[in-house]
Amino acid sequence: MTLPVSSPVRVRFAPSPTGLLHIGGLRTALYNYLFAQKKGGTFVLRIEDTDQGRYVAEAEPDILDSLRWAGLKLDEGPGVGGPHAPYYQSQRKKRYQELAQQLVDEGKAYLAFDTADDIQAMRERLQAAGNASPTYNAATRLQMNNSLACSAAEVEEHLAAGTPFVIRLKVVPGERVLFEDAIRGPVAFDTEGIDDQVLLKSDGLPTYHLANVIDDHDMAITHVIRGEEWLPSTPKHLLLYKAFGWRPPQMAHLPLILSPNGGKLSKRNADRMGIPVSVQQYRAEGYEPEALINFLAFLGWNPGTEQELFSLDELVDAFSIERVGSAGVQFNLEKLAWFNAQHLRQLPLAELAQRVRPELEKAGYEVEDAYLQNVVQAMRERIHRRSDVVNDGRYFFEDPVEYDEKGVAKRWKPDSATLMRLLAETLLSHPDFNAKSLDDAIHAFAEENEVGLGRIMAPVRLALTGVMSGPSVFEMMEVLGREICNRRLKRAAERLG
RNA sequence: GCCGCGUUCGUCUAGGGGUCUAGGACGCUGGCCUUUCACGCCGGUAACACGGGUUCGAAUCCCGUACGCGGUACCA
């Protein structure tokens with residue numbers, strides 16, 4: 001059933017443009033990308049826009065943008081082109097119609113003129129007669145209004161009258177469709193349970209099943225890696241490959257991403273749990289693409305080693321489809337936060353500063369690059385998101401407007417104001433304003449004034465930042481500089497008394 | 001209902017008959033480091049769904065049950 005080893009690997013990510021790219025969609029794209037890269041193959045993007053009712057114009061640019069942001073480069077598809085263009089199903093209409101007609105001509109499919117009401121009536125009739133799950137299939141098709149049940153003359157009449165019709169696959173009962181899923185091993189379905197699939201809708205557009213099979217064949221796709229929700233559709237697709245006389249690609253069905261409260265991670269479900277769904281949301285909330293990719297890769301896959309932190313290239317190296325699990329995986333925002341902190345802190349300083357800058361601008365702060373780099377260096381070990389640089393390190397960009405009440409109550413003593421004023425004066429003439437020499441100077445200052453270091457450090461921190469947590473006081477002083485330190489020490493002395 | 005897939009710590013997982021008194025990571029937690037907060041380091045917490053087989057031996061193989069998830073559209 002699989003293609004010869006020699007054929008070059010070609011995989012595709014085939015989303016429907018019905019909304020913003022979903023986090024689950026990105027994972028599917030990622031696994032396809034990793035597989036293709038690992039095998040030296042080709043990664044194709046195809047837009048499955050056959051549902052006119054659900055079509056959303058912004059979806060496609062969003063898909064492209066999201067994939068780019070995540071670092072998944074396309075080899076073929078909209079925007080980049082390729083030998084199998086167009087990569088839009090809406091533009092391949094003719095091909096589907098021809099092939100559907102071919103199946104009709106060969107007696108493998110047929111025309112059906114039934115209205116939705118007709119089908120509904122059939123279901124009700126059979127249910128009343130004791131059939132628990134009636135479907136449009138071999139058992140019922142001859143009672144329906146189609147080219148199998150009607151005479152040739154009646155069919156002609158319908159056609160002449162312009163009665164809307166669909167083309168259905170004639171599924172032969174009593175067969176067993178067996179295939180080897182690359183992730184879950186052998187899977188079997190009886191054709192008994194498969195109804196006569198609609199291949200071509202009455203609007204002339206194909207259903208997913210038809211378009212998908214034809215495109216995968218035409219585009220020489222060797223491996224179909226998609227979500228588990230497609231597993232029950234696979235026998236339908238295999239039946240179509242057989243009807244066309246084509247060799248099917250290797251199938252691989254990824255485990256679904258589950259919401260922490262169980263069930264598929266749908267938009268609604270995720271919203272309720274406070275979990276972002278679209279890739280754009282993650283981006284807007286300040287997650288790093290490297291972290292999201294790393295996190296997503298581990299949602300259903302693991303390298304079998306104890307390494308957890310991976311770059312995209314390292315993932316390519318380590319990836320194998322066999323190591324993808326088959327059980328559904330629960331989404332865990334806390335783990336993503338951890339990955340984010342890890343990746344954030346291993347970025348080069350200049351790069352980190354660049355990523356933080358938009359957050360500053362949002363908050364209305366403007367600083368020089370060199371200064372920002374000093375700030376992120378001081379902050380990098382204690383942030384989980386880039387926005388934390390602003391949220392937790394506001395004092396790097398403006399004087400504290402208030403002082404932490406609990407901190408003041410606990411550490412600001414009656415002599416603090418005097419000490420801070422004195423220190424400010426001392427520091428004014430301090431030669432080298434760097435962490436090391438400030439460390440020495442403040443130790444000396446404490447000794448001279450015959451107070452413990454604790455009497456100095458906490459009030460200084462409060463004066464400088466207004467809060468009780470943050471980088472080393474000396475390091476911060478160096479970053480802030482003489483002038484600002486001087487000003488803030490005096491200011492705190494004044495305001496806290 | 002029917003069909004299919006699945007089931008190891010709360011979560012992501014290692015494990016593919018003996019090396020498992022079940023390992024790692026996130027989370028939570030005790031301590032060390034740090035006169036802050038983090039980081040880091042050292043510890044702790046916590047799992048093989050259940051019942052039958054097969055076998056000298058089962059988390060690992062088979063069957064059944066339970067539970068979960070998916071599908072069951074002229075949506076993908």
Side-chain angles (χ1 to χ4, degrees), chain A residues 14-18 48-54 89 112 114-116 119 127 131-136 164-168 181 183-185 187-190 192-195 197-209 211-212 226-236 253 255-256 258-260 262-264 295 298-309 323 325-339 341-342 345 379-384 388 392 404 407 411 446 452-458 460-462 465 467-473 476:
Chain A
S16 248
T18 55
E48 309 223 325
D49 53 350
T50 57
D51 185 347
Q52 305 197 298
R54 292 206 299 155
Q89 292 188 330
D114 317 85
T115 64
I119 295 170
Q127 262 163 359
N131 183 340
S133 46
T135 49
Y136 205 123
F165 67 91
V166 301
I167 292 179
R168 282 182 185 269
D181 188 282
I183 291 170
R184 35 202 94 226
V187 181
F189 290 85
D190 291 321
E192 227 70 50
I194 303 171
D195 54 351
Q197 294 300 303
V198 171
L199 303 178
L200 206 66
K201 302 183 269 192
S202 54
D203 64 2
L205 284 168
T207 57
Y208 171 83
H209 305 300
N212 185 260
R226 71 221 310 186
E228 192 188 348
E229 72 268 30
W230 294 109
L231 195 56
S233 298
T234 304
K236 303 169 185 175
H253 290 91
L256 256 24
L258 273 20
S259 158
K264 199 154 79 157
F295 169 71
F298 270 72
L299 230 44
W301 170 88
N302 78 83
T305 65
E306 290 189 350
Q307 184 182 350
E308 306 245 15
L309 260 25
R323 291 201 64 88
S326 45
V329 289
Q330 212 167 287
F331 189 93
N332 184 238
L333 210 50
E334 278 167 347
K335 191 114 186 194
L336 172 60
W338 179 77
F339 273 116
Q342 297 297 321
R345 108 169 48 128
M379 292 295 284
R380 76 194 313 183
E381 302 269 277
R382 56 205 93 222
I383 56 174
H384 282 103
D388 289 343
D392 299 342
D404 178 70
R411 310 304 293 267
L453 208 53
R455 275 305 242 289
I456 310 287
M457 299 300 283
V460 169
R461 176 179 295 283
L462 269 171
T465 70
V467 293
M468 288 302 289
S469 64
S472 134
V473 165
M476 268 192 314

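Residue numbers start from 1 in every chain, and the chains themselves are labelled A, B, ... in the order their sequence lines are given, proteins ahead of strands. In this text, all values refer to a predicted model and were calculated from it rather than measured experimentally. Just the heavy atoms: all of them, side chains too, but no hydrogens, waters or symmetry mates, feed the values below.
The same atom, P, is picked in B:U55 and in B:C2; the two are 34 Å apart, to the nearest Å. B:G31 and B:G17 have their C1' atoms separated by 41 Å, with the value rounded to a whole Å. A distance of about 12 Å separates the C1' atoms of B:A14 and B:A59, rounded to the whole Å.
The side chain of A:Asn302 approaches B:U13 more closely than any other nucleotide in the set B:A73, B:G71, B:U13. For A:Arg323, whose side chain is taken as the heavy atoms from C-beta onward, the closest listed nucleotide among B:G15, B:C26, B:U72 is B:G15. Which of B:A76, B:G1, B:C3 sits closest to the side chain of A:Ser133 comes down to B:G1. In the set B:G4, B:U36, B:G6, B:G4 carries the atom at the smallest distance from any side-chain atom of A:Phe189. Of all nucleotides listed (B:C75, B:C26, B:G4), B:G4 comes nearest to the side chain of A:Glu228. Residue A:Glu381 has its side chain nearest to B:A38 when only B:A38, B:C69, B:C26 are considered.
Looking at heavy-atom distances under 4.0 Å, A:Gly470 makes contact with a base.
One finds no side-chain N or O of A:Arg411 lying less than 4.0 angstrom from the OP1 or OP2 phosphate oxygen of B:U36. The side chain of A:Lys335 contributes no N or O atom lying less than 4.0 Å from OP1 or OP2 of B:G24.
Side-chain atoms of A:Arg382 and base atoms of B:C39 include no donor and acceptor less than 3.5 Å apart. Side-chain to base pairing of A:Thr207 with B:C74: no donor and acceptor N or O lie closer than 3.5 Å to each other.
Residue order along RNA chain B, read from the 5' end via each residue's closest nucleotide, puts A:Leu299 first among A:Leu299 and A:Ile383.
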